[in-house]
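As structure tokens, the structure follows; a few thoughts come after it.
Owing to the predicted nature of the structure, the values given are computational and were not obtained by experimental measurement. Chain naming here is simple, since letters A, B, ... match the order of the sequence lines and numbering starts at 1 in each.
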Amino acid sequence: MNNYLEELNEAQRDAVVNTEGPSLVIAGAGSGKTRVLTYRIAHLLKNGVPPSSILALTFTNKAAREMKERIAKIVGSQTARYLWMGTFHSIFARILRSEAEIIGYPSSFTIYDTQDTKSLLKTIIKSMKLDDKTYKPGLVYNRISAAKNNLITPTAYLQNTQIREADQASRMPRLAEVYKEYARRCKNASAMDFDDLLLQTNLLFKNHEEILAKYQQRFKYILVDEYQDTNFSQYLIVKKLALGHENICVVGDDAQSIYSFRGAKIENILNFRKDYPEFNTYKLEQNYRSTQTIVDAANSLIEKNKRQLPKRVFSENAEGEKIQVIGALTDNEEGYLVANEIIDTRMNHQHRFADFAILYRTNAQSRIFEEALRKRNIPYKIYGGLSFYQRKEIKDLLAYYRLAINVKDDEAFKRVINYPARGIGNTTMGRLETYAVQNNQSIWEIASNPDECQTAGLNAGTQRKVAEFIHMIEGFASQLTSMEAYELALQIASESGMLKEFYKDKTPENLSRYENVQELLNAIQDFSLNAKEEGRPNQLNNFMEEVALLTDQDTDKEEDFDKVTLMTVHSSKGLEFKNVFIVGLEENLFPSGFSGTLTGAELEEERRLFYVALTRAEENAWLSFAKQRYRWGNLEFCNPSRFIGEIDEQFLNLKSGGLQAHLPRRESVPPAKEEATTRRSPMGIRSQQGNEHLGKRLTRMNEANRQNAAAFAGSDPEEIQAGMFVEHQRFGRGKVIAIEGTMPDRKAKVFFPNAGEKHLLLKFAKLKIVE
DNA sequence: GCTGATGGCGTTTTT
DNA sequence: CGCCATCAGC
């Protein structure tokens with residue numbers, strides 16, 4: 001064991017060696033948070049604390065794995081193995097499986113992923129004869145998820161007037177019933193969704209004191225990473241468990257709370273002192289990652305946060321280069337500029353491609369940069385998007401495994417009953433499911449019983465086909481305990497007929513599907529061999545327990561060696577690159593899901609300047625203006641369409657804070673063009689004229705909208721057509737038509753061409769320049 | 001059931 | 001635009 005304490009600065013060392021009692025470690029970005037966590041655990045182990053009494057919770061598998069590896073390096077893998085270290089979900093799934101009986105679940109319960117959940121919700125919504133355009137499965141899921149994460153059970157939901165009112169307001173008055181039905185069906189299917197893993201753990205601890213006591217006893221030391229990202233459900237579990245010994249150490253940074261949209265409660269970290277009055281605070285304030293300039297820039301934004309834990313992040317690194325702001329007239333140009341910059345910087349500084357990252361807000365924005373990089377032969381890798389385990393063929397095969405392990409798993413049943421095709425269509429499935437729901441049973445329980453099939457109304461031929469399928473699955477199920485994972489997995493893949501499907505015709509898609517399935521089988525083989533070596537059980541259900549909570553952010557392939565990284569700003573949290581481009585900032589100009597009412601003045605207030613050049617003349621004025629060289633603040637806009645300058649205070653002090661896009665203000669608009677000063681246009685504007693990229697739908701809707709717009713504004717349709725449709729962002733929604741002549745306090749129609757006839761009524765206007 | 005036309009709509013993400 | 005859901009029509 002090396003002398004790890006010497007590798008720490010004073011603050012870090014304090015946080016590592018003071019292991020007793022409640023500790024709050026506030027860890028600024030790049031301040032060595034992971035190092036402190038791992039060393040703290042190593043320190044505990046070194047001082048004779050048994051690994052099995054340490055519980056360390058993270059948010060991602062990746063974080064857990066990395067930490068475990070680092071600890072293993074210090075204390076040896078034999079010791080590290082017995083740590084209770086993993087994601088909230090995996091740890092509590094493990095506990096739930098071993099306590100399943102007492103809460104009425106089999107220990108082999110299925111974990112429904114997002115897709116399963118949504119598809120089940122959709123079925124429920126349909127069967128309740130509700131409109132799935134009002135009750136959108138995704139939206140319903142969010143509501144139910146939020147309820148669960150606040151520990152609101154269906155019964156409590158029904159009685160909660162506040163929630164009921166909110167449901168009324170969003171025109172989903174029957175949401176409570178949907179929730180209840182959803183919970184019922186999950187139970188019948190012996191399934192839990194992700195939120196259930198936490199909710200059920202809470203219920204388990206609440207209703208069974210002796211079990212809570214057992215785990216309180218067991219976990220003498222509890223550590224939580226990214227505490228600012230915990231939701232209420234997670235918070236409460238931790239709080240209950242910590243009551244035992246109060247040796248709880250939470251690590252986080254209120255300034256890095258970026259997941260409130262998925263239920264993270266920053267209050268959990270802000271209120272730590274209330275829960276544990278006797279706590280110690282450790283502040284990690286020295287940033288080892290970034291230059292002073294960058295730390296200063298970040299601080300100038302963070303200081304605008306209203307509630308925060310006082311800290312002063314500083315860097316002793318060199319001041320470093322200025323932050324550059326580069327503007328582009330179009331998205332294509334933006335891609336081109338970034339690609340060029342990468343090539344230049346790489347040459348001039350001998351950087352590797354892997355030293356570059358391109359960050360954007362949404363995954364959909366990657367395309368333009370992919371194209372630009374490909375054109376310049378720059379290798380890149382993309383994070384996000386469809387993960388391996390979400391591919392259809394993988395989900396299909398996994399569904400067979402799931403069904404074999406838990407035959408009540410209705411979502412798996414529905415997935416594979418007719419894949420490959422067995423002549424069991426929607427009608428049959430509909431009958432089985434309806435009957436099952438009526439009888440409070442899983443589909444399997446009906447389908448596997450000939451009498452029930454008869455009653456459900458299946459004809460003899462269909463009954464035979466269903467029976468064959470049941471027989472096949474029973475065959476798989478019967479071998480679960482006798483065969484090891486890989487053998488059985490392979491057998492199921494082949495006997496289910498799935499492998500044959502890919503041979504039907506040799507399309508590239510089929511080849512790729514086949515390869516993916518092979519990759520899954522290889523993974524199972526690896527799992528099986530490793531498990532055997534380490535003396536753990538190596539059956540298919542053991543593999544499936546792990547896989548349900550796995551995503552493939554983890555799989556770093558060898559071939560990903562020297563490549564530019566493309567990912568969302570969110571997923572870059574905690575990573576380091578020498579060169580970072582934050583692109584597509586103008587996307588923020590348009591609030592998505594935009595449908596409220598705003599006055600022109602409010603828009604001005606919001607600094608969301610999504611206005612359009614209305615007429616042909618005005619548009620031309622803008623375009624010629626954009627090609628000129630001009631200055632705004634410290635930013636110099638260069639010919640033809642780019643500006644490079646230093647980031648300045650004005651930029652950073654933007655009221656809305658964060659990564660809001662910022663646009664030239666009035667002084668940048670040439671005074672010569674008086675017309676143009678009354679309206680602004682963001683960079684990245686693309687007009688309909690001469691723009692062959694406009695979508696087909698826009699073309700289709702064009703005429704109708706033009707007429708509508710003209711009628712509303714009382715203008716000549718020809719005139720309006722000229723600059724009417726301007727694409728402000730890459731989402732179709734962003735195509736805005738503003739109506740000439742409307743003043744800030746007047747209502748105006750804003751047309752979203754894609755929304756077809758139902759245009760939105762907004763108070764919206766020509767933006768008045770207020771200085 | 002499969003296919004192509006049509007329409008709708010588009011955050012951030014982990015488990 | 002690009003993906004997905006739906007539906008008419010075979």
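- Between A:Leu359 atom CG and B:dT12 atom C1' the separation is 13 Å, expressed in whole Å.
- With sequence neighbours left out, the side-chain contact (heavy atoms from CB on, under 4.5 Å) criterion links A:Ser233 to A:Asn149, A:Leu151, A:Leu198, A:Asn202, A:Asn231.
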Any N/O pairs under 3.5 Å between the protein and nucleotides 5-8 of chain C? List them or say none.
{"from": "C:dT6", "atom 1": "OP2", "to": "A:Lys122", "atom 2": "NZ", "distance (Å)": "3.4"}

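- Spacing between atom NE2 of A:His570 and atom C1' of B:dT14 amounts to 12 Å, rounded to whole angstrom units.
- The backbone N or O of A:Ala63 sits less than 3.5 Å from a side-chain atom of A:Thr60, completing a donor-acceptor pair.
- Between A:Asn61 and B:dT15 there is a side-chain polar atom (N or O) within less than 4.0 angstrom of OP1 or OP2.
- Computed from coordinates, the A:Tyr360 OH to B:dT11 C1' distance equals 14 Å when rounded to whole Å.
- In the interface, the side chain of A:Thr114 is paired with the base of B:dT15 through a donor and an acceptor atom under 3.5 Å apart.
- Partners of A:Lys414 according to the salt bridge (charged side-chain N to carboxylate O under 4.0 Å, His left out) rule, which considers only residues two or more places apart in sequence or in another chain, are A:Glu411, A:Glu433.
- To the nearest angstrom, C1' of B:dG1 lies 14 Å from CD1 of A:Ile424.
- Mapped onto DNA chain B by nearest heavy atom, A:Ala421 and A:Ala548 fall at different nucleotides, with A:Ala421 at the one closer to the 5' end.
- Every residue meeting the side-chain hydrogen bond (donor to acceptor under 3.5 Å, both in side chains) condition with A:Tyr182, not counting sequence neighbours, appears here in chain and number order: A:Thr117, A:Asp193.
- Rounded to whole angstrom, the span from the CD atom of A:Glu226 across to the P atom of B:dT15 amounts to 12 Å.
- A cation-pi arrangement, defined by a distance under 6.0 Å to the six-membered ring centre and an angle within 45 degrees of its axis, is absent between A:Lys118 and A:Tyr112.
- Remark: A:Glu99 pairs with A:Lys214 by the salt bridge (charged side-chain N to carboxylate O under 4.0 Å, His left out) rule, at least two apart or across chains.
- At whole-Å resolution of the value, CE in A:Met429 and P in B:dG1 are 13 Å apart.
- Residue A:Gly425 is the one, among A:Met567 and A:Gly425, whose nearest nucleotide of DNA chain B lies closer to the 5' end (criterion: closest heavy atom).
- When rounded to the nearest whole Å, the span between OH of A:Tyr259 and P of B:dT11 equals 16 Å.
- Judged as a side-chain contact (heavy atoms from CB on, under 4.5 Å), and not counting sequence neighbours, the contacts of A:Pro106 are A:Ser108, A:Ser190.
- Between A:Phe59 atom CZ and B:dT15 atom P the separation is 10 Å, expressed in whole Å.
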